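For reference, the structure is listed below as structure tokens.
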There are 2 protein chains.
Amino acid sequence: MVTLAEVARHAGVSSSTVSYVISGKRTISGATRQRVEQAISELGYHPNAGARALAGKRSHIIALVVPLRTDVYVPIMMEIAISVTMAARQYGYDVLLITNDEGPEGVRRVAASGLADGVILMDVELEDERIPVLRALNTHAALIGLPEDSTGLSCVDHDFFAAGASCADHLADLGHRDVAFIGYGSAVYQRHAGYAERTLAGFRDRAATRGLRILHRPCEGTYESTAGAFSRILADRPATTGFVVQNEGAIGPLMSLLRTAGRIVPEDASVVALCPEPLAEQYSPRLTAVTGPAQELGRRAVDLLMQRIDGKEPQEVTLLTPVLTVRESSGPAPLHL
Amino acid sequence: MVTLAEVARHAGVSSSTVSYVISGKRTISGATRQRVEQAISELGYHPNAGARALAGKRSHIIALVVPLRTDVYVPIMMEIAISVTMAARQYGYDVLLITNDEGPEGVRRVAASGLADGVILMDVELEDERIPVLRALNTHAALIGLPEDSTGLSCVDHDFFAAGASCADHLADLGHRDVAFIGYGSAVYQRHAGYAERTLAGFRDRAATRGLRILHRPCEGTYESTAGAFSRILADRPATTGFVVQNEGAIGPLMSLLRTAGRIVPEDASVVALCPEPLAEQYSPRLTAVTGPAQELGRRAVDLLMQRIDGKEPQEVTLLTPVLTVRESSGPAPLHL
DNA sequence: TTGTATGCGTTATCAC
DNA sequence: GTGATAACGCATACAA
């Protein structure tokens, strides 16, 4: 293994000079810089990570805590994880993957050992049990998701309230009067997942303003569950012409069910999905959908975390505005109803 | 920050004793062990990762290199990543996430710096450019996927050949004679992705043995592409009654297309998917499918890597047998054709 | 069974 | 602009 000292000898300078050439924390004459850089590449020197962490009190690693639960659309989790990793690399940081089966202990472990300089929490719940650990250890952190009490924490999330509201707006604009909201399974609402509640709240709120009559039906995301929700909607409100879906698993079944029921989309019924773009594009007809910028979420979390590691105190809550993209699944409310 | 020395003072022993209590590399009397362990928990001691790595020449970190490409079913990638992480934890290891946008350099970086003690490569291609780096640095590694030349490397993969063969067998057993294989986009075959080629080879091979007439159609996984493949299949071989799909994105469209074409599944046509269980369960009717054990893949890769880190030389290639689960989408070939 | 002492490779302080 | 050198916190060879 090539060490700093060997590089120094090879270049005929002291090891501290080599160190400073690398870190750039000292002004170095062009000549020595040349020789040092040449020695580095000739010997194929790579600074030892452990030694650097020990001496520099900075591991240049951040931990990313990912959920095990799968009611989150997995590709989006992955997209966020990857964007976090790539953003971190731009700061010279690497990313350690922590699964939530370790629970709050995982956070404590990597923070207390100095393995990670900071932590990014994904899928943060309203009363997240990892947050007390963060606070107790005074760990640098950024949260993806919005907890109940975000005091002193940096959080990024989609603006789900706005997302829900824009669905209501869009359907109201198209003249729909009776609209159904097919959401996540009731377990999701029972554990007060912020994203589910906030979307629904935004939808309800705007629906009231716009004078929509709405129906909310939880749904497990299976075909059966969707079929159940669908038939109850038709039974309770036969005049329903607008559907908002926030459960990825329910989209396919819903489209089939509408077809089977003889309701042509978008002529007889409009569908607005709250889902990632690739999903929306995948159906036929392509879905009008509200989508939040997933990669941006990861990037911003890293930016915030890096600020904190650098001793700054960035803003507490950042909400990223989702975009409603009109595609082929929504249209004017049918007149004949 | 609590250090070993502080714990030692608190417990009234030397720091090496504390170290040995933790590592278990020395026999310690019950009494001192007690006192040390108490001191550790009282002070909330966590060994410093950097110092440990420096002194022990072992970071207790492995790197997991994940692909950026998304033609792999993403949830499975995630499942593997998570199983790798959990398996690694059992060995006291953490997992560093490396995205493939760094290319082979990423592998070099983490290996040469001693950041990671070993590397797990996901989505290995036949001529993978990361492999030369592995060989040059003599990095401990385990590959998920099968490269052209696996000499001296430890690889785990699904037995795709067997997977393809079992699809042919199943349909032949049911009396089908004309079977179509809807695969990945032609780009996947052109870059000689091992999994695609081996599945097709296994399918072809067994189909020949069983006297099936087959048709292979690449498919991009969109609705349009699937519709195109489907109509060409019906045009070229109207008597086709069996469908094998290896493209997750094509499954939904195919089911719709069959329904639209008036072919009831499984009475008029049988569908066998090569896909993860959750996907197979999600459709209506539920799909007969061949599924490889994804988590097992991750676990095994970690096991192999740990053996190598411990100086052993485990077997080169491990192929995990997939399982064909009969569900509702396959049945006897229709007699009237 | 336990203690002492050295070294791991880097960063950063102090001196020149 | 550059060079010594003292930490950094732990593991381990060597002593006792």
Side-chain angles (χ1 to χ4, degrees), chain A residues 1-37 39-40 43-61 92 94 109-117 309-310, chain B residues 1-37 39-40 43-61 92 109-117 309:
Chain A
M1 174 190 209
V2 186
T3 69
L4 206 64
E6 299 180 58
V7 174
R9 202 177 324 126
H10 195 84
V13 297
S14 77
S15 54
S16 59
T17 299
V18 178
S19 176
Y20 282 117
V21 166
I22 292 172
S23 71
K25 292 186 179 177
R26 209 188 226 185
T27 42
I28 305 282
S29 74
T32 49
R33 152 163 287 120
Q34 289 286 327
R35 280 185 300 140
V36 169
E37 278 167 352
I40 287 178
L43 300 181
Y45 168 72
H46 284 264
N48 179 277
R52 193 158 86 112
L54 179 56
K57 307 192 169 315
R58 201 133 258 157
S59 67
H60 296 271
I61 290 176
D94 273 291
R109 192 171 59 77
V110 296
S113 67
L115 216 197
D117 297 335
I309 289 177
D310 288 346
Chain B
M1 175 190 209
V2 186
T3 69
L4 206 62
E6 298 180 59
V7 174
R9 204 177 324 126
H10 196 84
V13 297
S14 78
S15 52
S16 63
T17 298
V18 178
S19 177
Y20 283 118
V21 166
I22 292 171
S23 70
K25 293 188 178 176
R26 208 187 225 186
T27 44
I28 304 282
S29 74
T32 47
R33 152 161 287 120
Q34 289 287 328
R35 279 185 301 141
V36 169
E37 279 168 351
I40 287 177
L43 299 181
Y45 169 70
H46 284 262
N48 179 276
R52 193 159 84 114
L54 179 56
K57 306 189 170 315
R58 200 129 267 158
S59 66
H60 295 272
I61 290 175
R109 193 172 59 77
V110 296
S113 66
L115 216 196
D117 297 334
I309 289 177

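As the structure is a prediction and not an experimental result, all values here were calculated from the model. Protein chains get the first letters and strands the later ones, always in sequence-line order, with residue 1 at the start of each. The analysis underlying the following values was restricted to heavy atoms, covering all of them including side chains, and did not include hydrogens, waters or symmetry mates.
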Task: Side chain A/Ser16 and base D/dG3 donor-acceptor under 3.5 Å - done: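 Yes, a donor-acceptor pair under 3.5 Å.
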Open item on the list: Can you tell me whether the side chain of B/Arg26 and the base of C/dT2 have a donor-acceptor pair closer than 3.5 Å?
Closed with: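 Side chain to base: pair present.
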Under 4.0 angstrom, heavy atoms only, what part of the nucleic acid is [X] near: base, sugar-phosphate, or nothing?
| X | value |
| --- | --- |
| A/Ser23 | nothing |
| B/Leu54 | base |
| A/Ser29 | sugar-phosphate |

Calculate the interatomic distance between [X] atom [atom1] and [N] atom [atom2]; express it in whole Å.
| X | N | atom1 | atom2 | answer |
| --- | --- | --- | --- | --- |
| A/Leu4 | D/dC8 | CG | P | 19 Å |
| B/Arg33 | C/dT2 | CZ | P | 9 Å |
| B/Arg58 | C/dG7 | CZ | P | 22 Å |
| B/Lys25 | C/dT2 | NZ | P | 18 Å |
| A/Asn48 | D/dG9 | CG | P | 17 Å |
| A/Ile22 | C/dT10 | CD1 | C1' | 10 Å |
| B/Leu43 | D/dG9 | CG | P | 15 Å |
| A/Arg9 | D/dG3 | CZ | P | 14 Å |

Do [X] and [Y] come within less than 4.5 Å of each other through their side chains, counting heavy atoms only?
| X | Y | value |
| --- | --- | --- |
| A/Thr32 | A/Arg35 | yes |
| A/Arg52 | B/Ser113 | no |
| B/Leu115 | A/Ile61 | yes |

TODO: Using heavy atoms to find the nearest nucleotide of DNA chain C for B/Lys57 and B/Ile28 separately, return the residue whose nucleotide is more 5′.
DONE: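 In this pair, the answer is B/Ile28.
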- [ ] Name the residue closer to the 5' end of DNA chain C, choosing between B/Gly56 and B/Gly30 according to the nucleotide with the nearest heavy atom.
- [x]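 Per heavy-atom nearest nucleotide, the more 5' residue is B/Gly30.
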Would you say [N] has OP1 or OP2 under 4.0 Å from some side-chain N or O of [X]?
| X | N | result |
| --- | --- | --- |
| B/Ser14 | C/dG3 | yes |
| A/Tyr20 | D/dA4 | no |
| B/Thr17 | C/dT2 | no |

TODO: Choose from D/dC10, C/dT2, D/dT5 the nucleotide whose nearest atom is closest to any side-chain atom of B/Thr32.
DONE: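 The answer is C/dT2, which lies nearest to the side chain.
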Task: Residue B/Ala55, side-chain atoms from C-beta onward, closest of C/dG3, D/dC10, C/dT2 - done: D/dC10
Open item on the list: So, taking the atom named CG in A/Asp94 and the one named NE2 in A/His60, what distance separates them when rounded to the nearest 0.5 Å?
Closed with: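 Here the interatomic distance stands at 10.5 Å.
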Open item on the list: Within this structure, what is the CG-CD1 distance for the pair A/Leu4 and A/Ile40, rounded to the nearest 0.5 Å?
Closed with: 8.0 Å
